[in-house]
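Scroll down for the structure; my scribbles are underneath it.
All values derive from a computational prediction rather than experimental measurement. Within every chain, numbering begins at 1; the chains are lettered A, B, ... in the order of the sequence lines, protein sequences first and strands thereafter. Quick note: numbers below take in every heavy atom, side chains included, and nothing from hydrogens, waters or symmetry partners.
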2 protein chains.
Amino acid sequence: MALTDDAIAKIRSMIQSGELPPGTRLPPEPQLAAQMGLSRSGVREAVKVLESARVLDVRRGDGTYVTSLAPRLLLEGLGVAVELLRDDTLLEVMEVRRLLEPMATGLAALRMTDADLDDIGQILEDMRAAADDAEKLIQFDTAFHHTVVATTGNETLTSLLDGLSGRTLRARVWRGLIEGNAAHKTIDEHQAIYLALRSRDQLLAQASALIHVNTSEAWLRTVLAKSASG
Amino acid sequence: MALTDDAIAKIRSMIQSGELPPGTRLPPEPQLAAQMGLSRSGVREAVKVLESARVLDVRRGDGTYVTSLAPRLLLEGLGVAVELLRDDTLLEVMEVRRLLEPMATGLAALRMTDADLDDIGQILEDMRAAADDAEKLIQFDTAFHHTVVATTGNETLTSLLDGLSGRTLRARVWRGLIEGNAAHKTIDEHQAIYLALRSRDQLLAQASALIHVNTSEAWLRTVLAKSASG
DNA sequence: CACTATAGAGACGTCGGACGTTTGGCGGCG
DNA sequence: CGCCGCCAAACGTCCGACGTCTCTATAGTG
């Protein structure tokens with residue numbers, strides 16, 4: 001299990017060392033193969049791995065390029081990983097969100113612009129308007145939290161929290177919320193976060209975010225308990 | 001760009017749906033190929049991607065198995081991703097640590113056992129003893145923070161913070177620390193964290209962790225400034 | 001009967017070549 | 001000058017072959 005993995009390591013290290021900066025075009029696969037001492041098949045596996053990690057961008061008929069290496073790309077894999085976690089570790093994910101999301105929201109309160117606030121207010125309205133459509137609720141909920149965190153200007157933070165709130169996890173929470181007739185209450189929690197942000201009140205934003213995550217965690221527990229017993 | 005990616009998605013979805021629980025053995029590659037309607041080459045690329053994501057475990061001469069899907073495995077990729085981030089985004093990573101690590105340390109103060117404290121105290125002693133060996137300092141520093149966070153019992157949280165403190169990033173910070181004759185001061189900061197944990201004082205632990213991350217961030221800034229200008 | 005050494009089957013690792021499909025650019029034509 | 005079509009280049013996919021490693025069942029041994 002050496003040749004292909006060596007190739008992966010080699011390419012990765014060339015990128016990390018700056019030898020292959022973002023945007024660089026790699027040599028054609030046959031040449032790359034010769035250069036690294038293995039067959040084209042092996043190179044293709046290596047390239048595929050790096051492509052799936054959003055490190056390389058393969059354009060059919062053209063060539064293979066190094067991506068921008070932006071956090072939003074490289075941290076994309078976190079989302080897929082979280083989607084594969086087993087039920088009994090989802091509460092761990094929620095605990096991380098409980099620690100991180102309030103802090104991030106607090107930071108957002110300090111950095112938010114008026115335009116950002118308008119965006120978030122709009123999403124909140126959309127959410128109220130879609131109170132009967134589970135699918136849309138999840139979509140606006142995702143947009144709400146993403147937009148709030150994005151106002152911190154920290155792309156790494158945003159990508160991490162996006163990944164931690166994978167679609168499946170969110171869907172489960174909302175399933176619980178709706179079946180428990182708690183959707184309205186949860187929308188109010190979003191409103192509370194919005195108001196705190198509007199006042200640029202860091203501590204209040206932090207507190208309201210914590211309360212919100214706590215609610216989500218509680219409903220996740222009920223959903224998990226139900227699916228474990230039933 | 002469909003066949004291989006479809007295969008990846010298919011396998012992943014079979015795992016996520018529970019059709020292929022942890023430990024399951026996959027059919028041999030030729031059979032898997034027939035079953036998914038593509039050649040063995042394609043299957044191999046798909047398997048390789050999932051292997052690199054620690055979703056599959058390929059044992060030569062034996063077969064391919066689904067891993068335990070433990071957070072420590074699936075989140076391993078985060079570390080590799082962080083290693084590839086460009087210099088100008090490392091400060092974003094530090095900001096995330098600034099938000100998350102104090103909270104995690106505070107939580108650790110609540111959950112730490114006496115045995116855990118002994119372990120951490122030991123690492124602290126090791127660190128003082130190795131004050132002249134940069135390599136060992138980095139190693140004990142890593143162990144210190146890892147052990148502290150691990151006492152929360154949250155494997156997901158631990159893996160995330162481990163990933164955010166990649167080896168390269170740590171090495172750069174320590175390079176700055178040592179060149180700036182601040183190694184001793186930093187060890188004292190670890191001592192402060194240790195004392196706070198020992199008192200089971202959540203807020204104090206939180207505060208001392210924040211101060212520590214702040215110091216690291218400051219030194220990272222100087223290192224980055226130097227390498228950018230020089 | 002229990003244990004060990006060994007041979008074989010099964011599975012992944014690697015290679016080489018061939019052909020299809022797509023892309024991008026060059027050159028001719030209007 | 002601009003548009004269109006052709007062609008070389010590069011990735012996508014497939015096939016078949018052979019090497020190497022594991023596990024296991026089997027035969028042999030004490």
Mind checking ring-ring contact (aromatic ring centres under 6.0 Å, His included) for A/Y194 and listing every partner two or more places apart, or none if nothing turns up?
none
Provide the full list of side chain to side chain donor-acceptor pair (under 3.5 Å) pairs with a residue in residues 67-78 of chain A, sequence neighbours left out, each pair given once.
A/R54-A/E76
Of all residues at least two apart in sequence or in a different chain, which pass the side-chain contact (heavy atoms from CB on, under 4.5 Å) check with B/T89?
A/P71, B/L85
My understanding is that only residues two or more places apart in sequence, or in another chain, count here; which of them pass side-chain contact (heavy atoms from CB on, under 4.5 Å) with B/R128?
B/H184, B/I187, B/D188, B/Q191
Which residues satisfy the salt bridge (Lys or Arg N to Asp or Glu O under 4.0 Å) test with B/E95, sequence neighbours excluded?
A/R111
Contact residues, residues 28-35 of chain A to DNA chain C [heavy atom, < 4.0 Å]:
none
Assign a letter to each nucleotide of nucleotides 14-24 of chain D from its 5' end: B, base within under 4.0 Å of a protein heavy atom; S, sugar-phosphate only; -, no contact.
BB-B-BBBB--
So which protein nitrogen or oxygen atoms get under 3.5 Å of nucleotides 4-7 of chain D's nitrogens or oxygens?
none

Partner set under side-chain contact (heavy atoms from CB on, under 4.5 Å) for B/A81, not counting sequence neighbours
A/L74, A/L75
Sequence neighbours excluded, the answer for side-chain contact (heavy atoms from CB on, under 4.5 Å) partners of B/V213 is B/R97, B/R98, B/E101
Return the set of residues passing salt bridge (Lys or Arg N to Asp or Glu O under 4.0 Å) with A/E19 (not counting sequence neighbours), or none when no residue passes.
none
Partners meeting ring-ring contact (aromatic ring centres under 6.0 Å, His included) with A/F140 (sequence neighbours left out):
none
